[in-house]
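When a residue number appears, it is its place in the shown sequence, counting from 1. Side chains are part of it too, since the values below use all heavy atoms of this structure and drop only hydrogens, waters and symmetry mates.
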Amino acid sequence: MGMIRDHAHDKLYDVAVVGGGPAGLATAVYAASEGLSVAVFDSRAYGGQAGASMRIENYLGFPTGISGQALAGRAFSQAQKFGAEILIPVSIKSLDCSKPGGGFALATECGHTLRAQLHRGGERRALPPARNRKSRSL
């Protein structure tokens with residue numbers, strides 16, 4: 001965890017995540033665990049608003065609840081375990097999507113620029129017209 005290191009400027013990340021809350025850290029865990037290079041940026045601290053919550057009882061996998069601080073700590077540790085780079089405190093000022101080949105650049109408030117690639121997930125498939133779909137009972 002820390003400010004932008006010198007090598008981060010020369011690196012082309014596969015995934016750039018702006019925001020270190022539960023969704024951002026989950027993205028980092030899933031992407032880094034698949035071998036993608038990941039940078040997570042947050043201007044304050046990891047955990048987001050959830051990190052300040054006394055008790056979270058509606059988060060998947062914790063049927064009896066968990067404190068926000070504990071949830072954020074676990075997510076942070078897991079993201080680091082898989083190699084995600086957590087860059088705090090770093091504020092993103094702008095996003096430049098005009099880079100060739102699907103890449104983009106993130107400009108920070110401190111004047112640095114970091115690069116990442118644009119990845120697409122699966123193709124969205126349209127459902128066939130309703131009259132051609134088979135009905136199923138559950």
Do Val38 and Phe82 belong together in a cluster built from hydrophobic side chains that touch within less than 4.5 Å? no
ILVMFWY network linking Phe104 to Leu114, side-chain heavy atoms under 4.5 angstrom: yes
Which pairs would a plain distance check flag for residues 64-79, meaning a side-chain donor or acceptor within less than 3.5 Å of a matching protein atom at least two apart in sequence or in another chain?
unit_1 : atom_1 : unit_2 : atom_2 : d
Ser67  : OG     : Ala70  : N      : 3.0
Ser77  : OG     : Gly73  : O      : 3.0

How far apart are the closest heavy atoms of Ala16 and Ala116, and which atoms are they?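 For Ala16 and Ala116, the tightest heavy-atom pair comes out as CB-CB, 3.9 Å.
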To check you understand the geometry: which heavy-atom pair defines the closest contact between Gly47 and Pro22, and what is its length?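 Shortest heavy-atom separation between Gly47 and Pro22 comes out as O-CD, 3.5 Å.
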Please assess Leu106 against Thr113 for the test side chain to side chain contact (heavy atoms under 4.5 Å, CB included), listing each intermediate value before the final yes or no. CA-CA 5 Å; Leu106 295 152; Thr113 301; over 6 Å; no
Say you draw a straight line from OH of Tyr13 to CZ of Arg115; how long is it, rounded to the nearest 0.5 Å?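 Rounded to the nearest 0.5 Å, the OH-CZ separation comes out at 10.5 Å.
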Quick one: pull up CD in Glu85 and CD in Gln80 and give me the separation to the nearest 0.5 Å. 10.0 Å
Do the non-hydrogen side-chain atoms of Leu87 and Val40 ever get within less than 4.5 Å of each other?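 Side chain of Leu87 against side chain of Val40, heavy atoms only: no contact under 4.5 Å found.
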Does the side chain of Tyr46 come within less than 4.5 Å of Ile88's, by heavy atoms? yes
Test side chain to side chain contact (heavy atoms under 4.5 Å, CB included) on Leu25 and Ile86 and set out the steps. CA-CA 9 Å; Leu25 291 172; Ile86 314 293; 4.2 Å; yes
Pairs where residues 25-42 contributes a residue and the test side chain to side chain donor-acceptor pair (under 3.5 Å) is met, not counting sequence neighbours: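 Checked against side chain to side chain donor-acceptor pair (under 3.5 Å) - neighbours excluded - the pairs reaching residues 25-42 are Asp14-Ser37.
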